[in-house]
S.K.: 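Take this structure, written in structure tokens, and hold onto it; I'll ask about it next.
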Amino acid sequence: MQFFDTHAHIGLIYDDPIEQLRVIQQAKLAGVTRIVSINNSLHDFKKVYATLKSVPGIYHAVGVAPAEVTTPGKDWYNIIDESVSLPNVVAIGETGLDYYKQFGDKNTQIELFIAQLELAQKHNLPVIIHNRDAGKDIFDVLSERIPEKGAIFHCYSEDAVYAKKCLDAGLNVYFSFAGNLTYRNARNLHETVLNVPQDRILIETESPFMIPAEYRERKRTMPAYLPSTAKFLAEMLEIPLEELSVKLWQNSCRIFNLPEA
């Protein structure tokens, strides 16, 4: 079996390049052979990309997250616009809206989000979405501006009703579930995975956050822990893990426009 971690902040797990490479080796030993590295900031993107650019199975997304809305840097647009042409950059993100911590004001967040959706459309890439307490505005924006290659709701946090609303509207969206899916009280997530098409489901670690229940005593999540989430999901869906791993792999390759082999 092989697994695809669609969202890992490798630069936040460890700052040291040697440790980052060790994390990737551990993941491969656990069957996690592809990882999308998500930058924490544009500065982080440059550093981590330089370390990992030649590592097989490692792909990259580049974007400005809502947390950076007040400090994206004057050249942020050009940096993204140029970085997407680098080898193995497969998405723009994470971007989106976060009203929980109130980063800047809502209008500024929305403007930053829209600009990156337009970049994704310009470069024929999918977009990775951060959504926290902003589901309505994200739906409204995507309804008008979702890039042709689609969008991933990373670390999905809404409910099954919201997912159905997006699909019924014809949005090309995928729902990615992290380690919090394995929490017994995550009923909204459990209901969602049981009610969305299996060809729209992805999994991620959101490393170093969202530790799966199996590893709750650890300080941080690692890409190597991804099979734990996959196993829990397979049990929920009542299908063999081997069968699910193939579906998840196909879904991940499809959204990121990568070959399956």
S.K.: Applying side-chain contact (heavy atoms from CB on, under 4.5 Å) to M222 and Y215, what does each step give before you reach the verdict?
M.R.: CA-CA 10 Å; M222 302 288 186; Y215 298 98; over 6 Å; no

S.K.: Is there side-chain contact between H60 and L52, with at least one heavy-atom pair below 4.5 Å?
M.R.: yes

S.K.: Does any N or O in the side chain of T221 come within less than 3.5 Å of the main-chain N or O of F209, such that one atom is a donor and the other an acceptor?
M.R.: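 Yes, because the side chain of T221 sits within donor-acceptor range (under 3.5 Å) of the backbone of F209.
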
S.K.: Which heavy-atom pair separates L248 from L202 by the least distance, and what is that distance?
M.R.: CD2-CA, 4.2 Å

S.K.: About how many Å separate CD1 of I35 and CD1 of I10, when rounded to the nearest 0.5 Å?
M.R.: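 Reported to 0.5 Å precision, the distance equals 5.0 Å.
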
S.K.: Taking C-beta and beyond as the side chain, do F153 and C166 meet within less than 4.5 Å on heavy atoms?
M.R.: yes

S.K.: Between D105 and T108 (side chain of the first, backbone of the second, donor and acceptor by atom type, cut-off under 3.5 Å), is there such a pair?
M.R.: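 Confirmed, D105 side chain pairs with T108 backbone.
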
S.K.: Is there a donor-acceptor contact under 3.5 Å from the side chain of H190 to the main chain of Y183?
M.R.: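 Checking the backbone N and O of Y183 against the side chain of H190, a donor-acceptor pair under 3.5 Å is found.
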
S.K.: Can you hop from F139 to V161 via hydrophobic side chains spaced under 4.5 Å?
M.R.: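 F139 does not cluster with V161.
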
S.K.: Count the heavy atoms belonging to other residues, nucleotides or ligands that lie under 6.0 Å from CD of Q102, then report whether that count exceeds 12.
M.R.: no

S.K.: Under 30°, 30 to 60°, or over 60°: which ring-plane class applies to H9 and H154, parallel, tilted or perpendicular?
M.R.: perpendicular

S.K.: Once you round to the nearest 0.5 Å, how far does CG of L233 lie from OG of S245?
M.R.: 11.0 Å

S.K.: Could you pull out the closest heavy-atom pair between S176 and T6, with the gap in Å?
M.R.: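 Looking at all heavy atoms of both residues, the closest pair is OG-OG1, 3.2 Å.
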
S.K.: For side-chain contact (heavy atoms from CB on, under 4.5 Å), just list the numbers for I128 and F256, CA-CA rounded to whole Å, side-chain angles, deciding distance to a tenth of an Å, and then say yes or no.
M.R.: CA-CA 10 Å; I128 298 171; F256 290 120; 4.3 Å; yes

S.K.: Can you see which heavy atom on K28 is nearest to which on P56, and at what distance?
M.R.: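 Taking every non-hydrogen atom into account, NZ-O, 2.7 Å.
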
S.K.: Is V173 reachable from I255 through a run of hydrophobic residues whose side-chain heavy atoms are each under 4.5 Å from the next?
M.R.: no

S.K.: Applying a strict under-4.5 Å side-chain criterion to I, L, V, M, F, W and Y, I'd like to know whether Y162 and L189 cluster together.
M.R.: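 They do share one cluster, since a chain of ILVMFWY contacts under 4.5 Å joins Y162 to L189.
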
S.K.: Within the supplied structure, the quantity of interest is the number of heavy atoms (other residues, nucleotides, ligands) at a distance under 6.0 Å from K46 NZ; does it exceed 12?
M.R.: no

S.K.: Pick one: which of I129, I146, I110 meets side-chain contact (heavy atoms from CB on, under 4.5 Å) with V141?
M.R.: I110

S.K.: In terms of heavy-atom contacts, does CD of E260 have more than 12 from other residues, nucleotides or ligands at under 6.0 Å?
M.R.: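 Count over threshold, so yes.
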
S.K.: Can you check whether Y49 reaches N39 side chain to side chain, under 4.5 Å on heavy atoms?
M.R.: no

S.K.: Is there a continuous path of hydrophobic side-chain contacts, each under 4.5 Å between heavy atoms, that joins I38 to V89?
M.R.: no

S.K.: Output yes when a side-chain donor or acceptor of E204 lies under 3.5 Å from a complementary backbone atom of A8, and no otherwise.
M.R.: no

S.K.: Any side-chain heavy atom of V64 sitting closer than 4.5 Å to one from L42?
M.R.: yes

S.K.: Given T95, which of Q109, E68, H130, Q116 fulfils the side-chain hydrogen bond (donor to acceptor under 3.5 Å, both in side chains) condition?
M.R.: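 Exactly one candidate clears the test, Q116.
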
S.K.: Are any of the side-chain heavy atoms of V48 and Q20 separated by less than 4.5 Å?
M.R.: yes

S.K.: At what distance, to the nearest 0.5 angstrom, does CD of Q198 lie from CD of Q250?
M.R.: 11.5 Å

S.K.: Treating R34 as the side-chain partner and S252 as the backbone partner, does any N or O pair qualify as donor plus acceptor under 3.5 Å?
M.R.: no

S.K.: Can you name the nearest heavy-atom pair linking S143 to L171, along with the distance?
M.R.: CA-CD2, 4.0 Å

S.K.: Let's go through E214 and K231 carefully: what are the C-alpha distance in whole Å and the side-chain angles of both, what is the deciding distance for side-chain contact (heavy atoms from CB on, under 4.5 Å) to 0.1 Å, and is it a yes or a no?
M.R.: CA-CA 11 Å; E214 181 181 355; K231 181 180 178 182; 5.8 Å; no

S.K.: Are D81 and H123 close enough, and set up right, to give a side chain to side chain donor-acceptor pair (under 3.5 Å), and what steps lead you there?
M.R.: CA-CA 8 Å; D81 198 34; H123 292 285; 2.5 Å; yes

S.K.: Could you tell me which non-hydrogen atom of V55 sits nearest to which non-hydrogen atom of T51, and how far apart they are?
M.R.: CG2-O, 4.3 Å

S.K.: Please work out which of the three classes, parallel, tilted or perpendicular, describes the rings of F4 and Y59, given edges at 30° and 60°.
M.R.: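 Parallel: the ring planes of Y59 and F4 meet at under 30°.
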
S.K.: Any chance you could measure Q26, atom CD, to L21, atom CG, to the nearest 0.5 Å?
M.R.: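 Q26 CD to L21 CG: 11.5 Å, rounded to 0.5 Å.
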
S.K.: Tell me if a side-chain donor or acceptor on Y156 pairs with a main-chain N or O of A163 at a distance below 3.5 Å.
M.R.: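 Indeed, once roles are kept as given, a pair shorter than 3.5 Å links the two residues.
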
S.K.: Would a 4.5 Å heavy-atom cut-off, applied to side chains only, mark T229 and F232 as touching?
M.R.: no

S.K.: Does the side chain of P223 reach to within under 4.5 Å of the side chain of I13, using non-hydrogen atoms?
M.R.: yes

S.K.: Establish, for the pair R220 and Y14, whether the NZ or CZ atom is under 6.0 angstrom from the six-membered ring centre and no further than 45 degrees off its axis.
M.R.: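 Ring-cation test returns yes.
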
S.K.: As a quick check of understanding, evaluate salt bridge (charged side-chain N to carboxylate O under 4.0 Å, His left out) for E243 and K247, giving each step before the final call.
M.R.: CA-CA 7 Å; E243 179 182 337; K247 290 183 178 180; 3.4 Å; yes

S.K.: Grab the two heavy atoms, one from P66 and one from G96, that are nearest each other, plus how far apart they are.
M.R.: CG-O, 3.3 Å

S.K.: Distance from L119 atom CG to L125 atom CG, nearest 0.5 Å?
M.R.: 9.5 Å

S.K.: Side-chain contact test, heavy atoms from C-beta onward, threshold under 4.5 Å: evaluate it for L167 versus F175 and give yes or no.
M.R.: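 L167 vs F175: side chains touch.
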
S.K.: Could you check whether any side-chain N or O of N180 sits under 3.5 Å from a backbone N or O of M210, counting only pairs where one atom can act as donor and the other as acceptor?
M.R.: no

S.K.: When hydrophobic residues are tied together by side-chain contacts of less than 4.5 Å, even through go-betweens, does M236 share a cluster with M1?
M.R.: yes

S.K.: With rounding to the nearest 0.5 Å, note down the distance linking CD in E144 to CD1 in I114.
M.R.: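 The CD atom of E144 sits 8.0 Å away from the CD1 atom of I114.
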
S.K.: Answer yes or no: is there a donor N or O on one side and an acceptor on the other, between the side chain of N131 and the main chain of S157, under 3.5 Å?
M.R.: no

S.K.: With side-chain contact (heavy atoms from CB on, under 4.5 Å) as the test, would you mind laying out the steps for T192 and F177 before giving the verdict?
M.R.: CA-CA 10 Å; T192 301; F177 297 92; 3.8 Å; yes

